[in-house]
Amino acid sequence: MNNIQKKIWLLAVVVLLIMASIWMSLTYYNQKMQDQYNNILERYLVMNELTRTSQEMVTALNSYLLIPVAENLESIDSSKKQIQEMKTKVVDFKNAENELALTSYINLIDSLIETTDRSLVFHSEDGTESARKAQNEATYISNYISEMTLTLIDTELKTYDLFYRGIINQSEELNELGIWVLLLITFLLLLYTYWFSIRITKPVEQLTRAASELSKGRFDLKIEVDSKDEIAFLAKMFEHMRNNINSLILEIQQKAQLENELQQSKLLLKESQLRSLQSQINPHFLFNTLNTVSKKAYLEGSEETSDLLVSVAGLLRYNLKHLDKTMTLYHEVTVLQQYINIQKARFTDRLTFHKEIDESCLHIEIPGLTLQPIVENAMIYAVEPSEEGGVIWFRVKDEGDRVTVEVEDNGPGMPKEKIQQIIDEEQQHDTMAGHASGIGLSNVVKRLRLFNGVEDVIKIEAKVGKGTKVSIHILKKRGS
Amino acid sequence: MRKITVFVTAVICVVLFYFTFESAFDVYRASWQLPKESNQESQHNRLVLITQELDTPFWDKVSDGAKKQAEKEGVTLEVWGSYGNNQENFLEQIELAIYAKMDGIIVQGLDTDEFKELTKVKAASYGIPIITVANDVPSAESLRKTYIGSNQHLAGELIATQLIDDMGTTGEVILMLDSRREFYQEQRLKGIQDYLKDYSNIKLIEKTTEDTREQGIALTKDLLNRYPNVDAFIAVNSNFTADIIEEIERRSKVGPYHIYSFDDNRASLSLLKQGKLDGMIEQSPHKMGETSVMLMAEWLNNDTVPLDLDGYVTDIRMVKAIDVQ
């Protein structure tokens, strides 16, 4: 778990460790140096003290020989003890350089003590002259000791010269090292702090930016945060939230669209029904009248008129009944045939109607009154205006996943603007009049699109002076 | 911009690291050196060589030989001494050596009462053996264990032999001694006298004066005045060699005079090379140093007890000016 607290702790511990190690090494070095200095100083002090004490002892001896009282003897003894003590210290001062001199020095001290003792012995045995002589000798030796002390200290100075220089050098080097270490640590700490703060603030910044984007309503940007700590967790949750919001919005949009489509199709239906109702006289009365007229014509031997009237009645019934229902292609084709029959009666030779129908496709479902407006359109533009009449081809083809219905004429060709209008589903008021069902092409296109669930439902190819071909596609499997 | 920043940061980092480590290594390297601990305990015998004439070629060789031998024997040896025949200082050194309880003292013999007192009474009472080197003092007077050095009597004879060869059997010969008439000088003198006593035509003139430069020159001046026909000089105390030659050069050429000396003076060899000195007795100072330390070590280890009281003679030979040139 790599969290922010841990990072801060790490920084503090590292800084603490560095500081502690520097402090400890400096203290250790200082202590070491101090010890060395003390050692050296002690050598000098002890040697000096020894010289002084030896002289004191000789003086005390002298006094004792002159005035033999216990007090003087005591002072000799105490000096002697001190000298012995210091001698043991001096023995430890031995090193390779002063070994010989120091041995001589120690022996001199021994000689001094021996001579002093001898003098005391002579004195106690009343050999005053010998005692005096020994005392003289002790004086010499004491002088030699002080000389030797000077020589030794001189040697020490020479011996420790390199050592002193070493110490001075090292402390200079240490100062330099201190400066460099300080610089380095400062720099590294700055670097680390920079990195550390970036690690914390950058994710926060990214998160802030993402939040502001979200608040502006852009839900499509992925939230990416380059981090592994708590911020990353926050970002993950944020991303999750964004995804949830996104999917919710999508859902709402889809629902809205569906509702919209439903509304539109309802409106269209209403419009169509309204139109058909407008032109509606009492249908039962009309059907009954037409049937009566048909039978009357049949009875009067006019069979052709009778058939025509049956067709008209069928067409009318179909138009009124099935406008808002889904029919099979078969029904549509049947009604279309009735319509053609009526038109044939009207145009006689001027109308030539060819049909090529793939029977296997007839079971497919199709919105009611889809084909009739298209053929009506061809009738109005290709057959009606022409003296010689026109030809209309009607084809139903199986094209794999869809069924294509083609209506082709050899009329003057539909103008380009008009084609565009139809495809854009604009109302064409001028053409409404000629249609039996009162339904325009644009209405057909709209209904087909809603029915199929795709935009690509109609194709109109027109060549000026040669004719127009309208193809509609019905999907075997509807989208939605 | 970012690249430049990274680059600069890296450079600073590298530089700082480099200098920090460099200076850390410096600190590590600059560690102080304490003098080496004494590894040899004082079971070694401590010997001291004391001479009156430190820093003369002759004594340098003696101490050199002694030091080398001391290393071989595994004893420690110190060379003490006085400069320029400072007797007082010299005697003090001996006294100091005795009080410092040296295991053995090798000393240039000095034929004075103080010296004898020191060696006979004090050294003996501290039980310190003394060996004289180069210059002898009679054993009976000093209680020295032995003497190592040239046979001075023989040296005198060699000089006399050479003198006869060079000068012939007639002539005046001046012998210059110092007023202390030390034992070794007496020996040399005796050697010369013994050899020349059969030649009645050779007249020996012995003169003594103080062993200083001024006195040497003054005496030479005086002698040249008093004995204008002198044929030869023998500097029995070799310290007079330079004085004699200097004074003669002031008056005439050195060539006609036969001048002889000994090698225990710093001027002798160079004068010999210049051809001003006709002959010189060359002793074996190196050998003296070596032998003295060796014998002392043997004595201390009880290998050779007792030492030969008459002494151990080292080689001498006559070096003539012609040989050197």
Side-chain angles (χ1 to χ4, degrees), chain A residues 29 32-33 36 39-40 91 93-112 114-115 137 140-141 143-145 147-148 156 159-160 162-188 190-191 194, chain B residues 5-6 8-48 70 75-80 89 91-103 118 121-122 125-126 128:
Chain A
Y29 174 79
K32 203 171 132 195
M33 202 150 72
Q36 292 294 351
N39 267 345
I40 295 164
V91 171
F93 296 169
K94 227 177 239 188
N95 61 32
E97 305 264 334
N98 67 1
E99 192 181 22
L100 273 176
L102 209 73
T103 314
S104 305
Y105 190 66
I106 293 161
N107 287 343
L108 270 182
I109 297 166
D110 287 344
S111 297
L112 178 68
E114 280 163 22
T115 318
E137 215 171 293
Y140 285 136
I141 298 174
N143 285 342
Y144 285 136
I145 286 177
E147 264 173 46
M148 196 92 175
E156 292 279 283
T159 312
Y160 283 98
L162 266 180
F163 172 74
Y164 290 133
R165 278 174 208 287
I167 285 183
I168 292 167
N169 253 346
Q170 197 172 25
S171 55
E172 271 169 18
E173 297 285 356
L174 208 70
N175 276 345
E176 204 175 307
L177 177 67
I179 291 168
W180 283 117
V181 166
L182 185 73
L183 281 178
L184 182 69
I185 288 176
T186 310
F187 187 73
L188 288 183
L190 281 179
L191 268 188
Y194 174 75
Chain B
T5 315
V6 169
V8 169
T9 311
V11 166
I12 291 176
C13 243
V14 167
V15 167
L16 282 178
F17 264 109
Y18 174 77
F19 280 108
T20 308
F21 279 111
E22 178 87 359
S23 115
F25 282 129
D26 279 350
V27 169
Y28 182 72
R29 260 183 265 134
S31 65
W32 53 63
Q33 303 170 312
L34 273 178
K36 269 178 257 160
E37 283 297 309
S38 154
N39 47 1
Q40 37 194 8
E41 289 303 316
S42 34
Q43 74 262 29
H44 289 294
N45 285 322
R46 292 150 56 236
L47 306 186
V48 64
V75 297
T76 48
L77 176 91
E78 277 189 282
V79 180
W80 295 355
N89 190 249
L91 292 171
E92 264 179 22
Q93 304 263 10
I94 298 171
E95 204 178 2
L96 183 59
I98 294 167
Y99 287 135
K101 296 181 180 175
M102 292 290 182
D103 293 307
L118 268 179
V121 182
K122 220 158 248 181
S125 75
Y126 278 82
I128 300 171

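So you know, we letter chains A, B, ... as the sequences are listed, proteins then strands, and number each from 1.
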TODO: Identify which part of A:L191 has an atom lying under 4.5 Å from any heavy atom of chain B, answering side chain, backbone, both or neither.
DONE: side chain
Task: Shortest non-hydrogen contact from A:L188 toward B:C13 - done: CD2-SG, 4.0 Å
Task: Whether B:R46 side chain and B:A100 backbone form a donor-acceptor pair below 3.5 Å - done: yes
Open item on the list: Does A:Y194 have more than 12 heavy atoms from other residues, nucleotides or ligands lying within 6.0 Å of its OH?
Closed with: no
Open item on the list: Using heavy-atom distances under 4.5 Å, tell me whether A:E172 contacts chain B through its side chain, its backbone, both, or neither.
Closed with: neither
Open item on the list: With a 4.5 angstrom heavy-atom cut-off, is it the side chain or the backbone of A:S171 that approaches chain B, or both, or neither?
Closed with: neither
- [ ] Could you look at B:F17 and say if it's the side chain, the backbone, both or neither that has a heavy atom under 4.5 Å from chain A?
- [x] both
Open item on the list: Measuring only between side-chain heavy atoms, which start at C-beta, is B:W80 closer than 4.5 Å to B:L96?
Closed with: yes
TODO: For B:E95, check salt bridge (Lys or Arg N to Asp or Glu O under 4.0 Å) against everything at least two apart and list the hits.
DONE: B:K122
Task: Per-residue contact mode, A:Y140 against chain B (heavy atom under 4.5 angstrom) - done: side chain
Open item on the list: B:F19: which residues meet the ring-ring contact (aromatic ring centres under 6.0 Å, His included) condition with it, sequence neighbours left out?
Closed with: A:W180
- [ ] Using non-hydrogen atoms and a 4.5 Å limit, figure out which bit of B:E22 sits close to chain A: side chain, backbone, both or neither.
- [x] neither
- [ ] Tell me, for A:L112 versus chain B, whether the close heavy atoms (under 4.5 Å) come from the side chain, the backbone, both or neither.
- [x] neither
Task: B:L77 portion near chain A, given a 4.5 angstrom heavy-atom threshold - done: backbone
